[in-house]
Amino acid sequence: MKVAIVVSEWNSDITFALRDGAVQTLLQHGMQGKDIIVRYVPGSFELTYGAQVMAEHIHADAVICLGCVIRGETPHFDYICQAVATGITEVSVRYRLPVIFGVLTTLSKEQALERSGGRHGNKGVEAAVTAIKMAAFKHEFLNI
Ligand code: DLZ
């Protein structure tokens, strides 16, 4: 299995914690480091393009998109969230590839911290588990 991870550098204290949670989870489930490809984009808005490039150039079983958009700090919060949600869905449909939405969309930095290794867990871990499940789902039908 091969998994590509696209990480937004905006709010990197949060997104790098999501990345670490995702990578650690994939390793714990038996993946090897060489099969986990991590690349970075400037902000969550660019996750769609990042996912598309990964889908085109890496023969991955799933792509995980990790980002963090904070409403209080982001005047065009709704546009970014809507764009990335729609964008990565389109990549998933177009390339017939599981593309996982690991983007925190929170009201405050505190809420983001709680979901990137705090009391609400780590969304990166959840994204990795979802990627594994969806890759297995895909393989089940490829083998029929
Ligand atoms: C510009 C911007 C702002 C204000 N806030 C965020 C944010 O909270 N989270 C995030 O991931 N990115 C943010 N960005 C950057 C945009 O995603 C994008 O990188 C720029 O608009 C350039 O296209």
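Along the sequence shown, residues are numbered consecutively beginning with 1. Ligands are counted one by one from 1 in listed order, and the atoms in each one are counted from 1 as well.
Within the 4.5 Å cutoff, the side chain of Val23 has heavy atoms near those of the Ile5 side chain.
Close N/O approach between Pro42 and ligand 1 is not found [any backbone or side-chain N/O within under 3.5 Å]. By the 3.5 Å distance cut-off applied to N or O atoms, Phe45 is counted among the residues near ligand 1. Residue contacts with ligand 1: Thr74 is placed with a nitrogen or oxygen under 3.5 Å of a nitrogen or oxygen of the ligand (distance criterion only).
Residue pairs meeting the salt bridge (charged side-chain N to carboxylate O under 4.0 Å, His left out) criterion with at least one partner in residues 74-102, sequence neighbours excluded, are Arg71-Asp78.
Here is the list of ligand 1 atoms found below 4.0 Å of a heavy atom in Cys68: 7 (C), 8 (O), 9 (N), 10 (C), 11 (O). Residue-ligand proximity, Asn11 to ligand 1, at heavy-atom distances under 4.0 Å covers atoms 7 (C), 8 (O), 9 (N). Residue Ile70 approaches ligand 1 through these ligand atoms, each under 4.0 Å from one of its heavy atoms: 8 (O).
Ser116 places no side-chain N or O within donor-acceptor distance of the main-chain N or O of Ala17, the cut-off being under 3.5 Å. With hydrogens and angles ignored, the 3.5 Å screen pairs no side-chain donor or acceptor of Asp61 with any backbone N or O of Val3. Of the possible polar contacts, none joining the Ser8 side chain to the Gly67 backbone as a donor-acceptor pair under 3.5 Å is found.
Considering CG of Asn11 and NZ of Lys109, their distance stands at 5.5 Å, rounded to 0.5 Å.
Among the candidates Ile132, Val129, Val125, the single residue satisfying the side chain to side chain contact (heavy atoms under 4.5 Å, CB included) test with Leu26 is Ile132.
Ranking protein heavy atoms by distance to atom 11 (O) of ligand 1, first place goes to Ser44 OG, 2.6 Å.
Between Gly67 and ligand 1 there is no heavy-atom distance shorter than 4.0 Å.
Across His76, Glu46, Lys109, heavy-atom proximity to atom 22 (C) of ligand 1 is greatest for Glu46. Of the candidates Tyr49, Trp10, Tyr79, the one placing a heavy atom closest to atom 1 (C) of ligand 1 is Trp10.
Under 4.0 Å from ligand 1, heavy atoms of Val69 appear from its side chain as well as its backbone. With a 4.0 Å cut-off on non-hydrogen atoms, Ser8 touches ligand 1 through its side chain and not its backbone.
Heavy atoms only, all atoms of each residue included: Thr105 and Cys81 are closest at CG2-SG, 3.4 Å.
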